[in-house]
Amino acid sequence: NITQKELSLRERARQMRKSLNENLISALTASNLSRQNQLSPSHLIQQLRSCKDSDSAKSLHSNGIKSGSLYDTFTTNHLINCYVRLQRIDLASQLFDEMPEPNVVSWTSLMAGYVDTGQPRMALWLFGKMPECSVLPNEFTFATVINACSILAHLRTGKKIHALVELLGFQSNLVVCSSLVDMYGKCNDVDHAQRVFDLMGCRNVVSWTSIIAAYAQNAQGDEALQLFREFNRLMLERPNHFMLASVVNACASLGRLVSGKVAHGAVIRGGYDSNAVIASALLDMYAKCGCVEYSDKVFRRIQNPSVISYTSMIVAAAKYGLGRMSLQLFQEMIDRRIKPNDVTFVGVLHACSHSGLVDEGLQQLESMHEKHGITPTAKHYTCIVDMLGRTGRLNEAYELAKSIQAEANQEALLWGTLLSASRLHGRVDIAVEASRRLIDSNQQVVGAYVTLSNAYALNGEWETAHDLRSQMRRTGVQKEPGCSWVEVKDSSYVFYAGDVSSCSRGSEVVTLLRELEGKMKQRGYVGGSRGLVFVDVEEEAKEAIVGLHSERLALGFALVSIPKGVTIRIMKNLRMCRDCHEAFKLISDIVEREFVVRDVNRFHHFKSGSCTCGDFW
């Protein structure tokens, strides 16, 4: 018989076996769950590609460590790319440093991360460390570091990298060469950009965009437009929005309305008219071509205008003398809760200055810091000096100018502004001081000499003005020649003061101008009444004869070449003189036509004997 003790022992053994089985099952279950939670490398990579935030990326990072997936360089590179995409360059750099043998993809990814987060110098430093680790760059590495040079405008470093490109045999690579063209363009070395482009065996829309942008960014708009025409003639690919933006900007700098409209047509055909960058470029182009109403139409079609779009439109209205419109746009921007930046306020203050809105301008200056948290800089105070000076408050303008600390270029703009205002209002004392500061700093020397000579002449101090002019000749100081140009159909015609011999249809133009001058005199016009014998860069030399200033030659040509009913648009490289300004007003009434003149400062729209500037410029 089984005793009670044996039964007890058997029961205990059964219980122990049951407990062991349960523990084993639990352990196996936990092991299976752990294996399920640990992602395979392919699954981990898939998750990293779709990762949307840094917390999730960190979780996947942790999972990769537990599963051992990050011992694989390929998988680790995907994690670096994930951190870079999420702008976590700190975590990407830390992970890179922990890699036993990072490859070229690892190096390139981290460099791209530094470039994307506004640290191009770190990208260049990292590139310099690659040879120490015996890792050779690939085409994407070169494209990344060349882009870093573009951002920094480091031409010398860019040329060194170009030499390395040649040494390692990437001189025919499409990606690398397109980056080089872009870099040279941004470093203002268009000749090198063209050489690289010419040697490219294969080109695509990116390389064409780079060379067009290189010319457009370096004030060579004609060459940019010529390349765009060549691109279209070859029918290689459809232009992208970056190319079209460069073309539109080239048209803006040249004041080419016809070409600008052609580019606008290409924008519409390409479906880019809703693109914010393109819209802002078009807005600026129409404004610089004297079509502020077209600018407004483009602006109103932007669904969600940004601070850039609003600023561009504010400046456009300001240049056209529509100060109230600029202020309305600014208020509309604030009402829509779009935060203005420092450039916006430069536009607003510029608008107040060019429209004589002194009280409004001073209020806007005060509101910058109080309402918008923006500290005024020398640029903003220069606008205030200009505003006070234009309205004859020279003493206040002078005191403010003396108190402003500015860098050399901005200081030159400041004192140049005060110099023009003091000459305009006959304040020779302030003109002398402003000129001295400009000449001593070797900034705007030509303008300083000649504007001061004008101030003396206007004040009746002819001998002093003559001595200053003689000093200019002895020191070899020469003023910039004034020129104007007008666009007829798809061609531009350039005119220089007094140069009738090279003037298209010269005899017709001179005959017409003489007829018009006779009609103006019947209305009381007296040419050259201001007695400006020594004229500055803003007003062409009287010895070239006032009646044959470049803008008058351009106007005469336009009147005989452009049919009635079409607005005549003239561009001028200098400031329009007061004598020509008066003449244009009278001629607009005599011939019953509208003229728009863009000079170095602003637009003048002449119609029925008056100008939009209200004789205030």
Side-chain angles (χ1 to χ4, degrees), residues 284 287-288 290 292 295 310-331 333 340-369 372 374-404 406 409-425 427 430-431 434 444 447 451 536 538-539 574-576 578 581 597-605 611-617:
D284 182 60
K288 286 180 178 173
V292 73
S295 293
Y310 264 105
T311 300
S312 298
M313 194 62 222
I314 286 168
V315 172
K319 288 279 187 184
Y320 220 75
L322 304 173
R324 294 289 179 192
M325 179 178 175
S326 292
L327 292 176
Q328 287 169 5
L329 284 162
F330 180 73
Q331 189 56 51
M333 176 182 169
N341 57 29
D342 62 321
V343 182
T344 311
F345 275 103
V346 171
V348 170
L349 295 175
H350 182 80
C352 293
S353 173
H354 279 259
S355 297
L357 304 173
V358 179
D359 292 338
E360 291 85 343
L362 294 174
Q363 287 171 11
Q364 292 296 343
L365 179 72
E366 191 176 334
S367 74
M368 282 183 66
H369 184 70
H372 306 285
I374 299 172
T375 303
T377 65
K379 289 181 181 179
H380 303 102
Y381 287 117
T382 299
C383 290
I384 299 298
V385 168
D386 184 43
M387 184 172 65
L388 293 170
R390 285 173 185 274
T391 53
R393 294 164 65 169
L394 268 301
N395 290 333
E396 293 172 74
Y398 178 53
E399 292 301 321
L400 178 58
K402 288 193 296 182
S403 70
I404 298 171
N409 289 338
Q410 187 60 41
E411 187 176 26
L413 183 60
L414 170 69
W415 287 102
T417 296
L418 188 61
L419 175 58
S420 294
S422 57
R423 189 218 64 182
L424 182 66
H425 293 282
R427 289 293 299 272
I430 296 177
Q444 295 185 17
T451 304
D536 62 356
E538 296 176 331
E539 297 177 278
L574 307 174
R575 184 179 185 271
M576 190 179 196
R578 289 187 174 275
H581 191 269
V597 179
R598 185 185 92 180
D599 72 7
V600 72
N601 289 329
R602 62 173 300 153
F603 280 93
H604 301 271
H605 190 153
C611 177
T612 52
C613 75
D615 298 335
F616 186 84
W617 87 104

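Owing to the predicted nature of the structure, the values given are computational and were not obtained by experimental measurement. The analysis underlying the following values was restricted to heavy atoms, covering all of them including side chains, and did not include hydrogens, waters or symmetry mates.
- At least one donor-acceptor pair closer than 3.5 Å links the side chain of Thr391 to the backbone N or O of Leu388.
- Checked against ring-ring contact (aromatic ring centres under 6.0 Å, His included), Tyr310 has the following partners two or more places apart in sequence or in another chain: Phe299.
- Within the 4.5 Å cutoff, side-chain heavy atoms of Leu357 are placed close to those of Leu327.
- Annotation: side-chain hydrogen bond (donor to acceptor under 3.5 Å, both in side chains) contacts of Glu396 (sequence neighbours excluded): Arg393.
- A donor-acceptor pair under 3.5 Å links the side-chain atoms of Thr612 to the main chain of His605, judged by distance alone.
- A donor-acceptor pair under 3.5 Å is absent between the side-chain atoms of His354 and the main chain of Asn601, judged by distance alone.
- Residues passing the side-chain hydrogen bond (donor to acceptor under 3.5 Å, both in side chains) test with Gln410, sequence neighbours excluded: Thr382.
- Listed here is the closest heavy atom pair of Leu413 and Thr417: O-OG1, 2.7 Å.
- The side-chain hydrogen bond (donor to acceptor under 3.5 Å, both in side chains) analysis of residues 357-367, with sequence neighbours excluded, yields the pairs Arg324-Glu360.
- Residues satisfying the side-chain hydrogen bond (donor to acceptor under 3.5 Å, both in side chains) criterion with Ser353, sequence neighbours excluded, are Asp386, Arg390.
- Residues His380 and Val346 are in side-chain contact: their nearest non-hydrogen atoms beyond the backbone lie under 4.5 Å apart.
- Of the possible donor and acceptor atoms, one in the side chain of Tyr320 sits under 3.5 Å from a partner among the backbone N and O of Gly290.
- Within the 3.5 Å criterion, the main-chain N or O of Leu394 finds no donor-acceptor partner in the side chain of Arg427.
- By the side-chain hydrogen bond (donor to acceptor under 3.5 Å, both in side chains) test, Thr344 is found to be paired with Thr311, Asn341, residues two or more places apart in sequence or in another chain being considered.
- Counting heavy atoms from C-beta on, the side chains of Leu362 and Cys352 never come closer than 4.5 Å.
- His350 contributes no side-chain N or O that, together with a main-chain N or O of Lys319, makes up a donor-acceptor pair within less than 3.5 Å.
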